[in-house]
Q: 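Would you mind keeping the following structure in view while I ask a few things?
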Amino acid sequence: MRRVDAYHALTVVAPGIADRFRPGHFVTVAVGGPRTSTLTRRAFAVHDVKPDYGGTVELVFTVRGAGTAWLADRRARDPLDLIGPLGRPFPLPRDPATCLLVGSEYGAAALFALADALQQRNCRVDFVLGAASSDRVFGALRARRMAETATLTTRDGSLGVRGSVVDVLPGVIADTHADVVYACGPMATLSGVTAVCAEFDIPVQVSVEELMACGIGLCMTCTVPVIGDDGVTRMTRACVDGPVFRGERVRFDDVGTIPFDAHGAPGGDRAR
């Protein structure tokens, strides 16, 4: 366990997960110990995978409640119960492309393995990273080292440009001539990023942040309304059908609800 500014970074020896990991995958962790009343697991994006000790994965998180507080207290050689890799990873361009990676808060952690994979395919990588304050901008130094450009934003102006990643995105897209955008962060940020990409008519892949209880598609707590190839909206499980989706397919304004015209919703058949 190490501290990275406002966040905790936890490295776990997990060769089976490390071997099958692809950028965009996540893991779920049992928290609280064997006698805990905390039954549901916690889902975390994978920040980094290394060959050390047969294969390690690093998770980045902030303390939000009893589960993550317990996790933050783990020490070297403490056993952890992980399941992974889970979800559908980021799709990678077939040919070299200019790729703009946009991350907000610790959601940016998932973008660095993606950046490595893109550069291995001879893609150009640029970053836009942001947060409320400088200590919550994750990976700024690494982004500056590995990318062609790294634009940093903070809402309080303590680092980089004052504002949000969405505020600076149009200018960065224009400057870099980005072919595709990949984004991680809160739903409001992903919605704003998707809207900007629509204005520029470029594709965007978003990794959604939605609460997950099981992580394997059983509990249906992480459903989001997503438009399918046939134009029909379905309540789609972020854990198994995502967490990566095409941004323009996610109905961000309806997240947290069941739209009346969604497949199977009351009134849905009449709407179609």
Side-chain angles (χ1 to χ4, degrees), residues 4-9 23-26 42-48 59-64 68 87-91 99-115 118 125-140 142-143 147 150-156 158-173 178 180-198 200 202-212 222 224 226 238-239 242-253 255-256:
V4 183
D5 294 325
Y7 305 116
H8 299 271
H25 278 148
F26 68 95
R42 301 296 185 268
F44 300 99
V46 175
H47 168 232
D48 212 355
L59 317 175
V60 177
F61 63 97
T62 186
V63 173
R64 288 184 171 176
T68 46
R88 299 179 66 177
F90 287 108
C99 303
L100 179 55
L101 279 53
V102 183
S104 181
E105 304 281 341
Y106 68 97
L111 295 175
F112 290 92
L114 172 63
L118 291 170
V125 171
D126 297 90
F127 272 97
V128 177
L129 303 176
S133 55
S134 60
D135 64 325
R136 305 194 72 83
V137 177
F138 183 82
R142 185 178 177 186
T151 303
L152 308 178
T153 73
T154 48
R155 289 196 293 274
D156 66 359
S158 56
L159 179 66
V161 180
R162 182 186 293 273
S164 72
V165 293
V166 177
D167 295 333
V168 302
L169 187 56
V172 178
I173 290 176
V180 60
V181 171
Y182 295 89
C184 295
M187 286 295 205
T189 298
L190 300 182
S191 177
V193 169
T194 297
V196 171
C197 291
F200 282 84
I202 60 174
V204 55
Q205 299 286 339
V206 299
S207 180
V208 302
E209 287 190 1
E210 193 67 9
L211 291 176
M212 300 178 186
C222 65
V224 292
V226 177
C239 62
V244 177
F245 296 101
R246 290 168 55 180
E248 74 276 9
R249 295 291 184 87
V250 181
R251 291 175 56 167
F252 289 104
D253 291 342
V255 169

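Not measured: the values here are computed from a predicted model. Atom set for the values below is all heavy atoms of this structure, side chains included, hydrogens, waters and symmetry mates excluded.
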Q: Applying ring-ring contact (aromatic ring centres under 6.0 Å, His included), can you list everything that pairs with F252, at least two apart in sequence or on another chain?
A: none
Q: In Å and rounded to the nearest 0.5 Å, what is the OG to CG distance from S133 to D5?
A: 9.0 Å
Q: How long is the straight-line distance from CG of D135 back to OG of S158, given to the nearest 0.5 Å?
A: 7.5 Å
Q: Taking only residues two or more places apart in sequence, or in another chain, which ones meet V180 in a side-chain contact (heavy atoms from CB on, under 4.5 Å)?
A: C99, Y182, P203
Q: Can you tell me how far the CD atom of Q205 sits from the CZ atom of R246, to the nearest 0.5 Å?
A: 7.5 Å
Q: Can you tell me if R88 has over 12 outside heavy atoms packed within less than 6.0 Å of its CZ?
A: no
Q: Decide yes or no for P91 and V244: does some side-chain heavy atom of the first lie under 4.5 Å from some side-chain heavy atom of the second?
A: yes
Q: Determine, step by step, whether F26 and M212 satisfy the side chain to side chain contact (heavy atoms under 4.5 Å, CB included) criterion, reporting the C-alpha distance in whole Å, the side-chain angles of both residues, the deciding distance to 0.1 Å, and the verdict.
A: CA-CA 11 Å; F26 68 95; M212 300 178 186; 3.6 Å; yes
Q: For residues V208 and A238, report the shortest heavy-atom separation together with the two atoms involved.
A: CG2-CB, 3.8 Å
Q: Backbone N or O of D156 within a donor-acceptor pair of the R162 side chain at under 3.5 Å?
A: yes
Q: How long is the gap from OG1 on T151 to CG on L100, to the nearest 0.5 Å?
A: 8.0 Å
Q: Hey, does V168 have a side-chain heavy atom less than 4.5 Å from the side chain of V128?
A: yes
Q: Taking all non-hydrogen atoms of both residues, which atom of A110 and which atom of A45 are closest, and how far apart?
A: CB-CB, 3.8 Å
Q: Hey, is the main chain of R136 close enough, under 3.5 Å, to the side chain of Y7 for a donor-acceptor pair?
A: yes
Q: Main chain of S134, side chain of T154: is a donor-acceptor contact present, judged purely on distance under 3.5 Å?
A: no
Q: Should F245 and T194 be marked as a side chain to side chain contact (heavy atoms under 4.5 Å, CB included) after you check the CA-CA gap, both sets of side-chain angles, and the distance that decides it?
A: CA-CA 11 Å; F245 296 101; T194 297; over 6 Å; no
Q: Hey, what do you get for CG (L118) to CG (L111), rounding to the nearest 0.5 Å?
A: 9.5 Å
Q: Could you list the residues that satisfy ring-ring contact (aromatic ring centres under 6.0 Å, His included) with F127, not counting sequence neighbours?
A: F112
Q: How far apart are the C-alpha atoms of L59 and R42, what are their side-chain angles, what is the distance that settles it, and do they pass the side chain to side chain contact (heavy atoms under 4.5 Å, CB included) test?
A: CA-CA 11 Å; L59 317 175; R42 301 296 185 268; over 6 Å; no
Q: Work out which heavy atom in A9 is nearest to a heavy atom in V4; give both atom names and the distance.
A: CB-CG2, 3.9 Å
Q: If we check ring pair (Phe, Tyr, Trp, His ring centres under 6.0 Å) with F61, which of these qualifies: Y106, F138, F44?
A: F44
Q: For the side chain of E105 and the backbone of A132, is there at least one donor-acceptor N/O pair under 3.5 Å apart?
A: yes
Q: What is the minimum heavy-atom distance between A113 and P23, and which atoms define it?
A: O-CG, 3.6 Å
Q: List the atom of V193, the atom of V166, and the distance in Å for their closest heavy-atom pair.
A: N-CG2, 3.9 Å
Q: Tell me the closest heavy-atom pair linking L129 and A143, and the distance in Å.
A: CD1-CB, 3.7 Å
Q: Using the rule given for side chain to side chain contact (heavy atoms under 4.5 Å, CB included), can you reason through V161 versus D167, listing the C-alpha separation, both sets of side-chain angles and the distance that settles it, and then say yes or no?
A: CA-CA 9 Å; V161 180; D167 295 333; over 6 Å; no
Q: Once rounded to the nearest 0.5 Å, what's the spacing between atom SG of C184 and atom CG of L190?
A: 7.5 Å
